[in-house]
Amino acid sequence: LYGTLVDIHTEENRAVWDKCAIFFGFYGVYLTGEELERNFYDILNRRKAKAGQSYECFPDIPFVEIIGQIFKERGVCENVEKLSIQVSQLFRILSIEYIRLYPKVLEALDYLRKKGFRLWLLSNAQQVFTSYELAYLRLDKAFDGIYLSSDYGCRKPDERFYKALIEENNLDVSKCIMIGNDRETDIAGAKRFNMTTLYMHTELTPK
């Protein structure tokens, strides 16, 4: 998604954490932005370490769950799920400098569908952010299926993430092509299944 179909730039700076900390304060959780950021990454790193040790080495922990854990650890028990979604989306909106489709993306996907191709999205992404961004960009109806890593607890190049898509849709990998802008995730993961790949070098391709 990001870097292949969508051009996006985010800045998760101190101002973003400071403003999200104000939201927490509205519900009786008094933290500075710095404290909130530190608390978030402490929880994230602990959960990543536990996940990596127990089943695989490319875990993906839902952002919204970490936010919820912060609320609970600070004594907030009511409406935690709703509040966590709100904070997560506030964080994302504040951090986005811009988000837009690359030129002709909708037309290209529509062309492929009309030619008889089936299209799936396999993205290292947070459901609480990306499901709404897909709707905003009018991509939510462009695929036969959408797979977001936070829903599966693992991310590309983890074989389990690819395997979920392949097995759930009974795909013949010899007839599939993986298109992506990251050699270490998109391309490397697909090659483990001997899948044809198409590498796109874009502004968001990791160095």
Side-chain angles (χ1 to χ4, degrees), residues 1-12 56 58-60 62-64 85 88-207:
L1 180 63
Y2 304 110
T4 305
L5 304 175
V6 174
D7 187 16
I8 187 171
H9 181 68
T10 60
E11 287 290 344
E12 299 173 0
E56 47 85 35
F58 298 102
D60 198 350
F63 187 100
V64 68
I85 291 172
S88 299
Q89 293 180 341
L90 173 64
F91 179 92
R92 182 66 164 184
I93 290 167
L94 290 172
S95 70
I96 291 174
E97 297 286 324
Y98 60 78
I99 181 170
R100 59 203 177 201
L101 293 174
Y102 286 117
K104 302 294 183 180
V105 161
L106 291 175
E107 293 88 339
L109 296 176
D110 183 58
Y111 175 82
L112 290 169
R113 297 291 288 277
K114 287 177 178 176
K115 284 287 186 179
F117 288 95
R118 299 169 71 195
L119 306 175
W120 285 269
L121 177 66
L122 187 73
S123 181
N124 287 353
Q126 292 288 323
Q127 191 275 343
V128 72
F129 305 152
T130 302
S131 60
Y132 296 90
E133 290 168 9
L134 287 168
Y136 172 72
L137 295 166
R138 296 180 293 147
L139 285 173
D140 52 327
K141 302 291 192 296
F143 302 96
D144 292 273
I146 293 170
Y147 289 72
L148 305 178
S149 58
S150 69
D151 291 336
Y152 288 83
C154 58
R155 55 188 170 84
K156 296 175 289 185
D158 193 298
E159 291 183 18
R160 292 179 312 143
F161 194 26
Y162 284 85
K163 208 169 181 181
L165 189 159
I166 292 166
E167 293 184 350
E168 288 173 18
N169 297 283
N170 195 28
L171 301 184
D172 179 351
V173 293
S174 70
K175 297 179 180 178
C176 298
I177 181 170
M178 175 66 184
I179 304 170
N181 73 307
D182 189 328
R183 293 184 184 189
E184 301 302 317
T185 58
D186 304 319
I187 307 305
K191 283 188 178 295
R192 293 181 183 179
F193 292 91
N194 295 316
M195 192 183 297
T196 299
T197 60
L198 173 61
Y199 169 71
M200 297 175 62
H201 189 89
T202 70
E203 297 92 337
L204 296 181
T205 294
K207 293 181 180 179

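These figures come from a predicted structure and were not determined experimentally.
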Heavy-atom pair with the smallest gap, counting every atom of [X] and [Y]:
| X | Y | answer |
| --- | --- | --- |
| Phe58 | Arg192 | CE1-NH2, 4.3 Å |
| Ser150 | Pro62 | O-CG, 3.5 Å |
| Ile8 | Leu204 | O-CD2, 3.4 Å |
| Pro59 | Arg155 | O-NE, 3.2 Å |
| Thr10 | Arg92 | CG2-NH1, 4.0 Å |
| Thr4 | Ile179 | CG2-CG2, 4.1 Å |

Could you tell me whether [X] atom [atom1] has more than 12 heavy atoms of other residues or ligands within 6.0 Å of it?
| X | atom1 | value |
| --- | --- | --- |
| Arg113 | CZ | yes |
| Tyr132 | OH | no |
| Glu107 | CD | yes |

First locate atom [atom1] of [X], then atom [atom2] of [Y], and finally report the distance between them rounded to the nearest 0.5 Å.
| X | Y | atom1 | atom2 | value |
| --- | --- | --- | --- | --- |
| Leu165 | Ile146 | CG | CD1 | 11.5 Å |
| Met178 | Leu198 | CE | CG | 10.5 Å |
| Tyr147 | Phe161 | OH | CZ | 9.0 Å |
| Asp186 | Thr197 | CG | OG1 | 9.5 Å |
| Leu139 | Leu5 | CG | CG | 6.5 Å |
| Asp182 | Thr205 | CG | OG1 | 7.0 Å |

For residues 97-105, tabulate all N or O donor-acceptor pairs below 3.5 Å that involve a side-chain atom, not counting sequence neighbours.
from, atom 1, to, atom 2, distance (Å)
Arg100, NE, Asp7, OD2, 3.2
Arg100, NH2, Asp7, OD2, 3.2
Tyr102, OH, Glu203, OE1, 3.3

Full working for side-chain contact (heavy atoms from CB on, under 4.5 Å) between Leu1 and Glu133: CA-CA 11 Å; Leu1 180 63; Glu133 290 168 9; 5.8 Å; no
For Met195, the option from Ile177, Ile187, Val173 that meets side-chain contact (heavy atoms from CB on, under 4.5 Å):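 Looking at Ile177, Ile187, Val173, the match for Met195 under the side-chain contact (heavy atoms from CB on, under 4.5 Å) is Val173.
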State whether Tyr199 and Arg183 meet the cation-pi test: NZ (Lys) or CZ (Arg) under 6.0 Å from the six-membered ring centroid, and within 45° of the perpendicular axis.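 Satisfied, under 6.0 Å and within 45°.
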Can I get a per-line list of side-chain donor-acceptor pairs under 3.5 Å for residues 119-131, giving both atom names and the distance, sequence neighbours left out?
from, atom 1, to, atom 2, distance (Å)
Trp120, NE1, Asn169, OD1, 3.2
Asn124, OD1, Lys156, N, 2.7
Asn124, ND2, Lys156, O, 3.1
Gln126, OE1, Phe63, N, 2.6
Gln126, NE2, Asp60, OD1, 3.2
Gln126, NE2, Ile61, O, 3.1
Gln127, NE2, Ser131, OG, 3.3
Thr130, OG1, Tyr2, OH, 2.9
Thr130, OG1, Gln126, O, 3.2
Ser131, OG, Gln127, O, 2.8

